[in-house]
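Data first, discussion second: the structure below is written as structure tokens.
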Amino acid sequence: MEKEIFDLFDLQQKLKKGIECLFPKRIWIRAEVSAVKARNGGHCYLELSQSGDDGLLAKSNAVIWSSKYRFIAPYFESVTGSPISPGMVVLVEVQVSYSELYGLSLVISDIDPDYSVGVRELERQKTIARLQAEGLMDLQSSLALPALPYRLAVVSAEDAAGYRDFMRHLHENPYGFRFETTLFPALMQGAGCPASIIAAMDAVMEDDGTYDAVLILRGGGAKLDLACFDDYGLAAVIAQFPLPVLTAIGHDQDHHVADMVAYEYVKTPTALADFFLSIYEDEDARLSSYMTRVRVAFNNRLALMESALNVLQARIKGADPRRILERGYTLALDGDGRVMKGADGRRKGDKVSVMFADGTLKCTVEEIATSLRSSQ
């Protein structure tokens, strides 16, 4: 049998003609962005892929020419809050193209940003439902912070602005409260973020130090940049962690699955610093209140004792014989210095002292005249 032989170029031309006849118009396809590279000339080259349970199923190169990219890119970012990045699932309008030199490629003419946001939200809801079904949503709430949490393990990126804000606000507080913080570095965005944070939390448990809490800090960002905090694996680790985990991931409009399963969440790293400072402020106020109450009670006790002492002093002063003498009375003493209460038993010649307020008279009894009452 005679062999049918094609030149490579002829084969490529037939493939090009067949493919372009099969897809003469633009079509919408769904794929994951595997790689993105924007060139200086304004063109953007992407690698799109699709994966299944057994791994990678399909892969194709794609391009957004500069004439389209300068409009598509800012609009996509304004809707999703993030530039086109690896890991995103996108819905793109493409023209299927085949080149004899470069093979199959997809020329992107449009991207639907709402689809990418919707895919993330759908995955988020699935993650929440799974955590609820497994009883993991409320595990952290059963833990308790120490009365005065002092040793804090911080999971964040060392160069993150949120981490620097937290450290400055916590350690430079105007009250002089002291804390011990240890950084466990981790990625705070991107596809590797969940695994990196989990590794940092494992390092916390392996560290010799005993920590009072674990803090996960980022401090906001684009919605798709923060999508890693909706990851099931990360949320499950946080939920089952043996120490209280507190998160400060996003701004007011963000609420992630990691926040939902955490012991406590706040919006910003600065707010998390305030959370711990408020614990110490409350304790300081409580102790100050006790001190005030003790001081008041002590002062009241002293006042009562002083009042009783004044009364006693007045009584003693009122009973002082010298005060009686000052009122014109006299005090008679016998020769032995004993107070004489009457004339009975005295004899002529006895020595008697008569005390006045201004002096004492030394006397001798010459005559005893009994009173009428005594004679009766």
Side-chain angles (χ1 to χ4, degrees), residues 141-152 169-181 209-213 243-244 263-264 271-376:
S141 63
S142 65
L143 302 178
L145 276 174
L148 292 174
Y150 168 72
R151 302 199 66 199
L152 307 176
H169 199 71
L170 184 72
H171 291 292
E172 297 178 10
N173 70 84
Y175 313 102
F177 300 143
R178 312 294 288 180
F179 297 88
E180 183 178 315
T181 55
T210 301
Y211 296 97
D212 296 324
L243 296 175
Y263 174 85
E264 184 68 63
L272 188 54
D274 283 333
F275 174 86
F276 286 99
L277 291 175
S278 67
I279 294 175
Y280 279 74
E281 288 176 42
D282 291 345
E283 181 66 12
D284 189 52
R286 188 176 69 86
L287 292 176
S288 296
S289 175
Y290 285 156
M291 291 175 64
T292 300
R293 289 162 62 185
V294 169
R295 189 182 302 113
V296 169
F298 187 70
N299 289 340
N300 289 343
R301 181 67 174 169
L302 286 177
L304 289 173
M305 294 173 67
E306 185 177 4
S307 177
L309 182 60
N310 290 337
V311 172
L312 183 59
Q313 286 177 335
R315 289 177 179 174
I316 293 172
K317 188 174 183 180
D320 189 343
R322 289 171 294 184
R323 298 294 298 274
I324 298 173
L325 297 178
E326 288 173 356
R327 294 200 293 268
Y329 295 97
T330 59
L331 183 65
L333 304 176
D334 64 14
D336 296 325
R338 292 191 294 266
V339 176
M340 295 171 57
K341 296 183 179 180
D344 186 39
R346 303 302 155 190
R347 297 182 179 85
K348 186 178 179 179
D350 285 350
K351 300 296 184 182
V352 176
S353 298
V354 181
M355 297 181 63
F356 296 87
D358 60 349
T360 302
L361 298 178
K362 301 295 185 178
C363 306
T364 301
V365 177
E366 293 183 355
E367 182 180 353
I368 301 172
T370 59
S371 67
L372 180 60
R373 181 181 298 176
S374 298
S375 64
Q376 291 176 350

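Sequential numbering from 1 along the given sequence is applied to the chain's residues.
Judged purely by atom type and a 3.5 angstrom limit, Tyr211 has no side-chain atom pairing as donor or acceptor with the backbone of Thr181.
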For residues 343-350, tabulate all N or O donor-acceptor pairs below 3.5 Å that involve a side-chain atom, not counting sequence neighbours.
unit_1	atom_1	unit_2	atom_2	d
Asp350	OD2	Arg347	N	2.8

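With a 4.5 Å cut-off on side-chain heavy atoms, Thr360 and Val354 do not count as touching. By the 4.5 Å heavy-atom criterion applied to side chains, Phe179 and Asp212 are not counted as neighbours. For the pair Met355 and Leu333, the minimum side-chain heavy-atom distance is below 4.5 Å. Side-chain contact between Glu264 and Leu145: absent, with no pair of heavy atoms (C-beta onward) separated by less than 4.5 Å.
Under the rule for a ring-ring contact (aromatic ring centres under 6.0 Å, His included), the partners of Tyr175 that lie at least two apart in sequence or sit in another chain are Phe177. Every salt bridge (charged side-chain N to carboxylate O under 4.0 Å, His left out) that Asp336 has, sequence neighbours left out, goes to Arg338. Ser353 meets the side chain to side chain donor-acceptor pair (under 3.5 Å) test with Lys362; sequence neighbours excluded. Taking Glu281 as the reference, nothing meets the salt bridge (charged side-chain N to carboxylate O under 4.0 Å, His left out) condition, with sequence neighbours excluded. Legend: residues meeting side chain to side chain donor-acceptor pair (under 3.5 Å) with Thr210, ordered by chain and number and at least two apart, are absent.
Scanning all heavy atoms of the two residues, the minimum distance from Leu152 to Phe276 falls at CD2-CE2, 3.8 Å. Heavy atoms only, all atoms of each residue included: Leu277 and His169 are closest at CD1-O, 3.8 Å. Contact record, Leu143 with Pro244: CD1-N, 3.7 Å, taken as the closest heavy-atom pair.
For the atom pair CD (Glu306) and CZ (Arg301), the distance works out to 13.5 Å, reported to the nearest 0.5 Å. To the nearest 0.5 Å, atoms CG (Asp282) and CG (Leu148) are separated by 10.5 Å. Considering CG of Asp334 and NZ of Lys341, their distance stands at 12.0 Å, rounded to 0.5 Å.
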Discussion item. Determine whether Leu331 and Val339 satisfy the following criterion, side chain to side chain contact (heavy atoms under 4.5 Å, CB included), listing intermediate values before the conclusion.
Written reply: CA-CA 7 Å; Leu331 183 65; Val339 176; 3.8 Å; yes
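By the 6.0 Å contact criterion, OH on Tyr329 is open, its count of non-hydrogen atoms from other residues, nucleotides or ligands being 12 or less.
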